[in-house]
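Worksheet: the structure to be examined is printed underneath.
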Amino acid sequence: MSMKSTLSVIGCGYLGATHAACMSSLGFTVIGVDTDPVKVAMLSRGELPFYEPGLDTLLAQEIRTGRLTFTTDFSAIADADIHFICVGTPQSKDGLAADLTYVKSAVTAVAPHLKEGALVVGKSTVPVGTAQSLREELAQLAPQADLAWNPEFLREGFAVEDTLTPNRLVVGVANDRAEQILKDVYAPILALGTPWIRADLPTAELVKVAANSFLATKISFINAMAEVCEAAGGDVTVLAKAIGYDPRIGSRFLQAGIGFGGGCLPKDIRAFMARAEELGAKQALEFLREIDAINLRARQRVIDVVRSDLSEDLTQYTIAVLGATFKPDSDDVRDSPALDIAVQLHAAGATVVVHDPKGIEPARKRFPTLTFAESVSDCVRGADLILHLTEWKEYRDLDPLVIGKLVKNKMIIDGRNALDRELWRSAGWKFHALGRSD
Ligand code: UGA
């Protein structure tokens, strides 16, 4: 297969829009398909429906080349050789398992349009066993085509970089032909020396959830250490630094604080537990229940500190919340620890004012009863307490002397261990952080 291959990308959310623009930038003709006409219209104009650094310019640039188009019409994919399924697999409404509705309907929708020898490549995160059953279904619906799985490891905030220079490529395939097609499509990335891992379908699916489970475990591990540090009079930031120098442990993902959120880690560990139970391997993943519990406890611990700093009864207090997104450099508020804490404090009767550099609109959509401020100054003015809950650079750069003139009380809780404690203290602030007892 030459660089002239035509690709389709089914599902143009975070993963799909990124994949489509990046593959176009590698020279492929790419047809993005999504059932949402508003999203398709925006993408077609070269406008990104969400915030992701660098992707906005890449998308606009690729639209201008004419190689990248978006449509709601599945029949537009008939000329494509390879079809990437990038739809969401959210947590189901009635349990821990993943909702596979969108993945299943994507495969059913592409099937009638597949040409001879076409390869359908799943990128969505799915419970192990899904690929095999979709492959069997496809053999019925479109025997001229094949199906492979190619999990995606991109991080929000680094989506373009992680797609074009990933630290590995993993493909789950049932035969050599499927592997070769994927090797050809990823040739420019492989040429950079990117490790290539061929696996069977179940292993490829498992690699993804295992990776996210490991990352979640690392975060909850350090947050458990934070709890012990608080109880014992220690400092988790020093502890993390010290253990991180051991290369077997490594210093990344040891940032203690209010824990992990977003559209991936929380739902992936839950879906993994649910799937293991179905497979009769429930005990093997029991520990993930504890990882989830430690993570949710971190949110509660901040609320406990707020109550001990202010009062059990919060109704008389104004709390400024800095950060609404689940992490910086994203406008994603799905399962955001920051927003969850803001909502809980609001429900407890406090006056809560939330600021975020990019996440106000999505946050307002979810929680219209919260109060939002367009600037940090408006957010903190008259506050009894500031909560720093998402570590945007803008917040790290704040001048505690300037902020100190706006608030009612110079009291701040750093929920991300990202602010310079000495700087704030020297400006007269009462400064608390999770996992640091003094
Ligand atoms: C995560 C994985 O890191 C990606 O590899 C994966 O592809 C993606 O999920 C996915 O499954 O699609 P992402 O959701 O963008 O990526 O976010 P992360 O960077 O993993 O951060 C997750 C959460 O952990 C954030 O809320 C962050 O604030 C928190 N975190 C991270 C910590 O609390 N401490 C840390 O040390 C690191």
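Both counts, for ligands and for their atoms, begin at 1 and track the order of listing. Heavy atoms only: backbone and side chains are in, while hydrogens, waters and symmetry mates are out.
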Tell me whether the guanidinium CZ or amine NZ of Arg334 lies under 6.0 angstrom from the six-membered ring centre of Phe326 and within 45° of its axis. no

With atoms numbered from 1 as shown, which atoms in ligand 1 lie under 4.0 angstrom from a non-hydrogen atom of Glu152? 7 (O)

Checking side-chain contact (heavy atoms from CB on, under 4.5 Å) between Ile181 and each of Asp81, Leu119, Val173, Val121, which is the one that passes? Leu119

Any N/O pair Phe153/ligand 1 closer than 3.5 Å: yes

Protein residue, atom and distance nearest to atom 2 (C) of ligand 1, heavy-atom basis: Asn212 OD1, 3.5 Å

Taking only heavy atoms of Glu156 into account, list the atoms of ligand 1 that are under 4.0 Å away from them. 15 (O)

Starting from atom 26 (O) of ligand 1, find the nearest protein heavy-atom neighbour and note its residue, name and distance. Phe326 O, 2.7 Å

What I want to check is whether the side chains of Gln91 and Arg270 have a donor and an acceptor closer together than 3.5 Å. yes

Of all the non-hydrogen atoms in the protein, which one sits nearest to atom 20 (O) of ligand 1, and at what distance? Phe253 CZ, 3.3 Å

Under 3.5 Å between some N or O of ligand 1 and some N or O of Gln255? yes

Return the residue, atom name and 0.1 Å-rounded distance of the protein heavy atom closest to atom 16 (O) of ligand 1. Arg155 CA, 4.0 Å

Atom indices of ligand 1, in the order listed, that fall short of 4.0 Å to a heavy atom of Leu254: 36 (O)

Can you find an N or O of Leu265 that's nearer than 3.5 Å to an N or O of ligand 1? no

So Tyr395 and His388, would you call those rings parallel, tilted or perpendicular, with 30° and 60° as cut-offs? perpendicular

Among Ile386, Ile412, Ile413, which residue satisfies the side-chain contact (heavy atoms from CB on, under 4.5 Å) criterion with Phe431? Ile412

Might you work through the salt bridge (Lys or Arg N to Asp or Glu O under 4.0 Å) test for Arg364 and Glu374, ending with a clear yes or no? CA-CA 12 Å; Arg364 203 199 303 272; Glu374 296 296 329; 3.7 Å; yes

Of all the heavy atoms in Gly259, does at least one lie under 4.0 Å from an atom in ligand 1? yes

Parallel, tilted or perpendicular: ring planes of Trp429 versus Trp424, cut at 30 and 60 degrees: perpendicular

Against the six-membered ring of Tyr51, is Lys358 placed for a cation-pi contact (under 6.0 Å from the centre, within 45° of the normal)? yes

Is there a polar contact between ligand 1 and Leu215, counting only N or O atoms under 3.5 Å apart? no

Using distance alone, decide if ligand 1 has a nitrogen or oxygen within less than 3.5 Å of any nitrogen or oxygen in Glu391. no

Run Asp335 and Lys267 through salt bridge (Lys or Arg N to Asp or Glu O under 4.0 Å) and show every step you take. CA-CA 9 Å; Asp335 200 354; Lys267 69 122 173 124; over 6 Å; no

Part of Thr390 within contact of ligand 1 (heavy atoms, under 4.0 Å): neither

Return a yes/no value for Lys208: is any of its N or O atoms, backbone included, closer than 3.5 angstrom to an N or O of ligand 1? yes

of all protein heavy atoms, closest to atom 8 (C) of ligand 1 is Leu154 O, 3.4 Å

Which residue supplies the protein heavy atom nearest to atom 31 (C) of ligand 1, what is that atom called, and how far is it? Ile219 CD1, 3.5 Å

What protein heavy atom lies closest to atom 24 (O) of ligand 1? Include the residue and the distance to one decimal. Phe260 CB, 3.2 Å

Provide, to 0.1 Å, the distance between atom 17 (O) of ligand 1 and the closest protein heavy atom, together with that atom's residue and name. Lys327 NZ, 3.3 Å

Decide, yes or no, whether a salt bridge links Arg135 with Asp146 under the criterion of side-chain N to carboxylate O below 4.0 Å. yes

CA sep, side-chain torsions, deciding dist, call: Glu230, Arg301, salt bridge (Lys or Arg N to Asp or Glu O under 4.0 Å): CA-CA 11 Å; Glu230 277 167 21; Arg301 279 165 47 232; 3.0 Å; yes

Partner of Ile222 by side-chain contact (heavy atoms from CB on, under 4.5 Å), out of Ile294, Thr237, Leu239: Leu239

Cation-pi check, Arg155 to Phe158: give yes when NZ or CZ is under 6.0 Å from the six-membered ring centre and within 45° of the ring axis, no otherwise. yes

Geometry only, no angles: is Cys264 polar-contacting ligand 1 at N/O separations under 3.5 Å? no

Can you tell me if Arg416 has a non-hydrogen atom under 4.0 Å from ligand 1? yes

